[in-house]
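Atoms considered below: every heavy atom in the structure, side chains included; atoms not considered: hydrogens, waters and symmetry mates.
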Amino acid sequence: MSRNPKKLCIAMVGLPARGKSTIACRLRESLEAEGFTVAIFNNGELRRSMLGQNTAHADFFNPENAEGVRIREGIALQNLQFARQFLTTGGDIAILDATNITRARRRSIIEGMEATPVLFIECVNEDRELLATSIAHKTKISEFGHMTFSEAFSNFEQRIRLYTSQYEPLGFEDNHVILNSLQNRVVREKVTDDIPHYARIRDILVSDMIPNLYLIRHGETYYNQERRIGGNSELTEKGLRQADQLAEHFRDCKIPFIFTSTKQRSIQMAERIARRQPDCVHVPLKELDEINAGICESMTYDEIREQHPEIHVARSMDKYRYIYPQGEGYITLQPRIQLGIKKVLYLSSNAEHIIVVGHQAVNRMILSYFLFRRQEDVPYITIPQDKYFHIVSTRTKKLFELKRF
Ligand code: F6P
């Protein structure tokens with residue numbers, strides 16, 4: 001059969017809560033920005049619009065539930081037909097957003113698409129903690145509205161187990177990419193046919209997409225007043241005022257996610273901002289915790305100079321590479337912060353505006369992730385408490401602005 005040279009069907013593959021919809025939306029937004037006509041056909045959305053809350057229970061996804069299987073296969077077929085129709089009526093790229101974890105289902109997509117090539121993109125990610133956070137978010141959608149949080153959570157976990165029992169890895173399919181959806185890294189790819197726009201698509205898959213990230217440092221703490229480092233100090237009156245000013249500043253901007261460290265000072269900031277934001281989710285991540293100063297935690301810089309002059313000297317000679325005894329250094333902070341940024345981007349699922357409330361060393365590392373700085377200069381980047389950084393980083397736009405609030 002001769003191939004249709006311009007049209008493409010992308011079929012997502014992966015267990016629930018592996019980031020498929022986020023990747024599908026990122027592909028659509030980026031490809032549309034390049035002038036393509038793109039549509040997503042999401043089986044979950046179609047199921048919810050047809051059946052409402054009736055399908056939230058895990059039993060519905062049991063492969064032994066014949067009625068459930070019949071309904072789910074019917075929905076998949078329906079979306080396949082919608083996608084074909086879209087491609088024959090002017091659409092360029094149709095994205096089938098569903099688990100598509102069995103070979104039989106994938107074969108039916110290839111056959112159903114006839115002359116249009118199909119590219120399978122599988123999202124994998126086995127980070128347990130991230131999965132738990134993603135499931136917790138999913139339980140908030142209206143489908144689970146009639147269940148308690150723990151009922152919804154365990155039903156979703158059970159749903160994942162049921163899908164896992166039927167999972168058949170990609171391999172036989174001619175055109176497929178396996179993507180680590182947390183790291184934006186291609187784990188394996190096999191592209192046999194001439195897949196239209198493949199280079200562009202691959203590029204989108206591995207790029208970070210940050211529409212608007214507001215990088216904030218927590219306000220003044222009692223430790224800041226005494227020039228003590230680390231610890232878990234609370235915000236002072238002035239710090240709380242700074243939090244309220246920020247909350248006021250962002251009042252008219254819808255912020256669906258605020259990410260913080262697990263330290264009180266950044267959590268207090270987030271809580272104050274979130275109070276003025278309807279439907280704002282606060283996610284504390286330990287990856288965003290401030291540098292651990294080991295045996296120097298809770299000391300002032302003067303105390304370190306007096307009690308551990310060797311630490312003071314060694315650190316001033318090479319601040320980036322110096323590692324505090326029993327603690328961290330900028331150099332060891334780097335992979336942790338990188339993972340934190342990836343988690344932020346993964347969990348915020350293409351949200352238009354997100355806030356990260358970090359710390360001095362943490363924000364230096366985050367800034368250097370987006371903006372090149374020589375390593376030796378990173379530990380000296382100024383991170384004020386009365387200004388924040390507005391960062392935009394997409395494939396077509398980079399913006400970096402220091403703003404006062
Ligand atoms: O002083 C505040 C603080 O966040 C400390 O907790 C941390 O140890 C320090 O800044 C990091 O900055 P520097 O690397 O310049 O000491």
Quiz question: by atom type and distance under 3.5 Å, do the side chains of [X] and [Y] form a donor-acceptor pair?
X    : Y    : answer
R321 : Q375 : yes
T262 : K286 : no
T22  : N350 : no
E189 : N175 : no

[atom2] on [Y] to [atom1] on [X], rounded to 0.5 Å:
X    : Y    : atom1 : atom2 : result
S30  : F36  : OG    : CZ    : 11.5 Å
L213 : I341 : CG    : CD1   : 8.5 Å
I23  : I121 : CD1   : CD1   : 8.0 Å

* Asked: Are the side chain of N65 and the backbone N or O of D59 linked by a donor-acceptor pair below 3.5 Å?
  -> yes

Ion pair present between [X] and [Y], side-chain N to carboxylate O less than 4.0 angstrom?
X    : Y    : result
K20  : D97  : no
R105 : E73  : yes
R107 : E173 : no
R84  : E111 : no
R228 : E303 : yes

* Let me see the working for Y324 and R315 under side chain to side chain donor-acceptor pair (under 3.5 Å), right down to the final yes or no. => CA-CA 8 Å; Y324 282 108; R315 195 164 192 254; 3.3 Å; yes

* To do: Show your working on side chain to side chain donor-acceptor pair (under 3.5 Å) between K7 and T116 and close with a plain yes or no.
  => CA-CA 6 Å; K7 310 272 171 172; T116 305; over 6 Å; no

Decide yes or no for [X] and [Y]: does some side-chain heavy atom of the first lie under 4.5 Å from some side-chain heavy atom of the second?
X    : Y    : result
R106 : F172 : no
L182 : V124 : no
H353 : K254 : no

* To do: Go through the steps to decide whether E220 and T236 satisfy the test side chain to side chain donor-acceptor pair (under 3.5 Å), and finish with yes or no.
  => CA-CA 6 Å; E220 186 195 72; T236 59; 2.6 Å; yes

* To do: Any salt bridge (Lys or Arg N to Asp or Glu O under 4.0 Å) involving residues 334-350? Give me the pairs, sequence neighbours left out, ordered by first then second residue.
  => D127-K343, E129-K343, D208-K342, E287-K343, E328-R336

* Asked: Any cation-pi pair here, K403 with F389, using under 6.0 Å and within 45°?
  ->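 Not satisfied by the 6.0 Å and 45° rule.
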
Give a yes or no on this: more than 12 heavy atoms of other residues, nucleotides or ligands lie within 6.0 Å of atom [atom1] of [X].
X    : atom1 : answer
E64  : CD    : no
R161 : CZ    : yes
R103 : CZ    : yes

* Structure fact -> Those residues at least two apart in sequence (or on a different chain) that pass ring pair (Phe, Tyr, Trp, His ring centres under 6.0 Å) with H249 are Y388

* Asked: Where do Y322 and S316 land on the side chain to side chain donor-acceptor pair (under 3.5 Å) test, with the steps shown first?
  -> CA-CA 9 Å; Y322 181 78; S316 27; over 6 Å; no

